[in-house]
Amino acid sequence: MAQKPSIPKGTRDFSPVEVQRRQYVMNTIKHHFEHYGFMPIETPSFENSDTLLGKYGEEGDRLIFKILNNGQYLSKVNDQDLQSKNEYKVSPQISKRALRYDLTVPFARYVVQHQNDIAFPFKRYQIQPVWRADRPQHGRFQEFYQCDADVVGSDSLLQEVELVKLYDAVFSDLKLDGCTIKINNRKILAGIAQMIGAEDQLIDFTVALDKLDKIGADKVKEEMVQKGISETAIEKLNPVFSLQGDFATKLQVMRSLLSESEIGLKGIEELEFINHKVVKLGLKSATLDLDITLARGLNYYTGCIFEVAAPEGVKMGSIGGGGRYDDLTSMFGLKNVSGVGISFGLDRIYLVIEELGLFPDSVRAGVDVLFINFGDKEAAHAMDLVFRFRDNGIKTELYPEATKTNKQMKYADRNQIPYVILLGEDEMAAGALLLKNMETGEQELLQPEAVIEKFK
RNA sequence: GUGGUUGUAGCUCAGUUGGUUAGAGCGCUGGUUUGUGGUGCCGGAAGUCGCGGGUUCGAAUCCCGUCUUCCACCCCA
């Protein structure tokens with residue numbers, strides 16, 4: 001072997017067991033999406049650059065993978081821009097397409113493009129990979145799967161309620177108990193900013209506030225001062241920094257704090273409605289928690305925002321996120337269509353389930369039964385039975401070579417095949433099969449019909 | 001994008017102040033009565049020590065660059 005091949009950073013190969021387990025997670029999510037009435041769509045891996053650029057903020061633009069044009073792409077570049085080595089000026093001239101960064105923006109594009117064929121409200125789900133030129137870390141990749149469910153064309157807060165229930169249903173089904181669905185509302189954040197006279201600095205303000213549980217109140221205040229927010233304004237935020245108690249209690253504190261802000265109170269009302277309904281319906285294993293510091297960088301959100309934290313003790317960033325966006329489709333020319341959606345981070349959910357040892361044993365690649373190959377004559381007979389078994393829904397294979405039994409048994413063992421059938425001269429003469437349970441080592445001589453019955 | 005960290009056989013890792021033919025465990029492979037795996041015993045193959053430069057009589061070991069890994073920022077799923 002000369003130079004070892006490799007794959008780009010932040011990407012992975014998946015072994016048979018890994019693929020099987022990923023499909024288990026994916027199928028669970030998909031099952032619940034469909035159960036809730038979402039319909040599947042798919043969009044291209046890459047979009048026109050202008051569809052994506054400018055939708056995720058400055059940071060987002062930097063993380064979008066740009067695709068180099070084909071042909072003589074350099075010949076058309078403005079010489080001056082090329083000389084100046086200004087990538088912001090050159091990159092649009094040499095790249096007209098980019099890999100999708102998430103599933104929400106391509107969906108908004110889809111809705112606008114197909115608006116005449118869509119019956120609103122439109123509920124779609126989408127499970128596809130996305131790409132980000134981020135620096136890899138644990139649970140952070142350059143290629144990863146998102147599983148999104150979105151509703152467009154409905155202002156009803158019942159959608160938010162349904163999405164909270166959907167999160168709970170999926171995580172409960174995956175036995176991932178103890179997830180926290182954090183919820184907040186951009187209107188509340190806007191209200192606070194308004195109250196402290198920092199309306200123009202909403203983004204700076206929320207980004208700083210978002211770090212509260214990570215760096216503490218003092219550092220957050222420091223950062224806000226740095227961003228030009230006045231000290232007296234920050235003093236007014238003290239109730240926010242020390243917010244405690246259950247959902248209703250926290251909401252009460254925020255209500256009095258925001259009594260002067262119309263938009264802030266609207267946000268409070270929305271959350272109250274959602275919480276009330278969710279409490280009434282009940283959650284199986286997740287907890288809905290009001291997190292006033294939750295901001296989320298994606299700047300197209302306008303109402304409720306969600307983020308899901310893994311069960312306590314697991315070191316992992318958010319395993320899901322979402323929110324309401326009132327204006328996303330207007331960027332593509334379709335006004336007054338509100339959307340709300342959530343996303344499941346498949347790869348992170350996988351890592352959490354793995355860490356907690358929650359994958360069922362039944363999630364396994366490979367067959368149920370292996371026929372040992374004793375030679376041409378025996379193999380020919382075995383093949384008949386292999387197909388008969390398969391027709392009866394039993395995953396079956398015949399070892400392709402008549403090598404030593406030892407080796408064939410090892411193969412079965414390595415591949416965690418639960419049963420092996422020995423069909424040699426003696427068994428053929430008796431018209432029977434020797435079925436061996438690889439876990440217990442027990443063997444029994446059975447008629448083929450009896451084996452088929454056993455697997456039903 | 002910023003700072004740090006890692007890279008030695010298929011895998012997990014040793015490798016002493018730079019000094020002969022670079023080691024171990026697991027795995028793989030062959031044998032151990034030619035129809036029986038997961039725990040035995042004996043043997044074997046396998047590494048331009050991430051890649052490219054440099055210092056040196058001599059580099060896995062020191063220096064620089066580069067890629068990769070993981071971590072902290074940033075941001076997020």
Side-chain angles (χ1 to χ4, degrees), chain A residues 1-12 15 25 29 56-64 87 101-104 127-148 167 203 206-208 210-211 214-215 219 223 294-299 305-310 315-323 341-352 370-375 378 399 402-428 434-443:
Chain A
M1 204 196 306
Q3 234 170 341
K4 269 181 215 162
S6 64
I7 54 175
K9 72 173 169 192
T11 66
R12 295 143 303 154
S15 67
V25 177
I29 293 171
Y56 309 101
E58 209 177 305
E59 184 69 13
D61 280 1
R62 192 172 61 82
L63 297 177
I64 290 173
E87 58 266 30
Y101 177 88
D102 73 354
L103 300 177
T104 308
I127 299 176
Q128 287 190 280
V130 302
W131 294 269
R132 295 182 188 178
D134 217 343
R135 193 170 283 201
Q137 257 175 61
H138 179 63
R140 169 183 288 188
F141 309 98
Q142 295 205 336
E143 178 184 60
F144 61 97
Y145 268 74
Q146 285 193 331
C147 314
D148 277 31
Y167 262 142
I203 301 273
T206 53
V207 164
D210 190 37
K211 296 176 187 165
K214 218 177 206 173
I215 62 176
K219 295 253 180 190
E223 186 167 330
L294 178 64
R296 297 188 58 77
L298 295 173
N299 53 19
I305 42 187
F306 303 105
E307 200 161 288
V308 183
K315 209 162 171 268
M316 180 63 69
S318 57
I319 57 177
I342 55 173
S343 181
F344 291 81
L346 174 73
D347 304 78
R348 286 185 176 181
I349 291 169
Y350 180 103
L351 289 172
V352 173
L370 173 76
F371 276 78
I372 300 292
N373 190 327
F374 285 109
E378 291 87 344
Y399 196 86
T403 55
K404 278 185 295 190
T405 314
N406 183 301
K407 189 171 176 169
Q408 300 189 40
M409 296 297 289
K410 259 189 183 164
Y411 171 85
D413 192 46
R414 279 290 307 259
N415 288 290
Q416 290 182 284
I417 296 170
Y419 289 94
V420 155
I421 286 176
L422 295 101
L423 175 56
E425 259 182 88
D426 298 347
E427 288 80 9
M428 276 174 76
L434 188 61
L435 180 72
K436 171 164 178 150
N437 180 324
M438 290 298 281
E439 202 184 328
T440 63
E442 283 166 23
Q443 303 188 157

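Each chain gets a letter, A, B and so on, in the order the sequences are listed, and its residues count up from 1.
For the salt bridge (charged side-chain N to carboxylate O under 4.0 Å, His left out) condition, no pair includes a residue of residues 405-419 of chain A, sequence neighbours left out.
Between the P atom of B:U36 and the CG atom of A:L435 lies a distance of 18 Å, rounded to the nearest Å. Atom NZ of A:K404 and atom C1' of B:G37 are 14 Å apart (whole Å). Note: OH (A:Y350) to C1' (B:A77) measures 17 Å, nearest angstrom. Atoms CH2 (A:W131) and C1' (B:C76) sit 17 Å apart, rounded to a whole Å. Going from atom OH of A:Y101 over to atom P of B:C75 covers 11 Å, rounded to whole Å. Across the protein-nucleic acid pair, A:I64 atom CD1 and B:C75 atom P stand 16 Å apart, rounded to whole Å.
With sequence neighbours excluded, no residue satisfies ring-ring contact (aromatic ring centres under 6.0 Å, His included) with A:F374. With sequence neighbours left out, the side chain to side chain contact (heavy atoms under 4.5 Å, CB included) criterion links A:D426 to no other residue. In terms of the side-chain hydrogen bond (donor to acceptor under 3.5 Å, both in side chains) criterion, A:E425 has no residue partners (sequence neighbours excluded). Evaluation of the side chain to side chain contact (heavy atoms under 4.5 Å, CB included) rule for A:V352 yields A:L176, A:A310, A:P311, A:V314, A:M316, A:I319, A:L356 as partners, not counting sequence neighbours. With sequence neighbours excluded, the residues that form a side-chain hydrogen bond (donor to acceptor under 3.5 Å, both in side chains) with A:K211 are A:E223.
A:E439 comes within 4.0 angstrom of a nucleotide base, judged by non-hydrogen atoms across all strands. Here A:E143 lies out of heavy-atom contact (under 4.0 Å) with every strand. Nucleic acid contact for A:K436: base, since at least one base atom lies under 4.0 Å from a heavy atom of the residue.
Counting distance only, with no hydrogens placed and no angle test, the side-chain atoms of A:E58 and the base atoms of B:G1 include no donor-acceptor pair under 3.5 Å. A donor-acceptor contact under 3.5 angstrom links the side-chain atoms of A:Q443 to the base of B:U36. Put simply, the side chain of A:D413 and the base of B:G38 share no donor and acceptor less than 3.5 Å apart.
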Nucleotide N/O to protein N/O under 3.5 Å, stretch nucleotides 39-44 of chain B:
none

Are there any protein N/O atoms within less than 3.5 Å of an N/O atom in nucleotides 69-74 of chain B, and if so, which ones and at what distance?
unit_1, atom_1, unit_2, atom_2, d
B:U69, OP1, A:G10, N, 3.2
B:C71, OP2, A:H138, N, 2.2
B:A72, OP1, A:K315, NZ, 2.9
B:A72, OP2, A:Q137, OE1, 3.1
B:A72, N7, A:Q137, NE2, 3.4
B:C74, OP1, A:K211, NZ, 3.0
B:C74, N3, A:R140, NH1, 3.4
B:C74, N4, A:R140, NH1, 2.9
B:C74, N4, A:R140, NH2, 2.8

Distances for protein N or O near nucleotides 25-29 of chain B N or O, under 3.5 Å:
unit_1, atom_1, unit_2, atom_2, d
B:C28, OP1, A:R414, NH1, 2.8

Only distances under 3.5 Å count here; give the side-chain donor-acceptor pairs of residues 138-148 of chain A to other protein atoms, sequence neighbours excluded, each with its distance to 0.1 Å.
unit_1, atom_1, unit_2, atom_2, d
A:Q142, NE2, A:D134, O, 2.7
A:E143, OE2, A:W131, NE1, 3.0
A:D148, OD1, A:S343, OG, 2.7
A:D148, OD2, A:T104, OG1, 3.4

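Taking every heavy atom of residues 417-425 of chain A and every atom of RNA chain B, pairs under 4.0 Å involve A:L422, A:G424, A:E425, by number.
In this pair, A:F144 lays its aromatic ring flat on the base of B:A77, centres within 5.5 Å and planes under 30 degrees apart.
Taking a pair as Watson-Crick or G-U with both hydrogen-bonding distances under 3.5 Å, the stems of three or more pairs touching RNA chain B are B:1-4 with B:70-73, B:10-13 with B:23-26, B:28-32 with B:40-44, B:50-54 with B:62-66.
Listed candidates were B:G38, B:U36, B:A77. Nearest to the side chain of A:L434 is B:U36.
Classified by interplanar angle (parallel below 30°, tilted 30° to 60°, perpendicular above 60°), the ring pair A:F306/A:Y167 is perpendicular.
A close approach under 4.0 Å does occur between a side-chain nitrogen or oxygen of A:N406 and OP1 or OP2 of B:G37.
Nucleotides of RNA chain B nearest to A:Y145 and A:A133 differ in position, and the one nearer the 5' end is that of A:A133.
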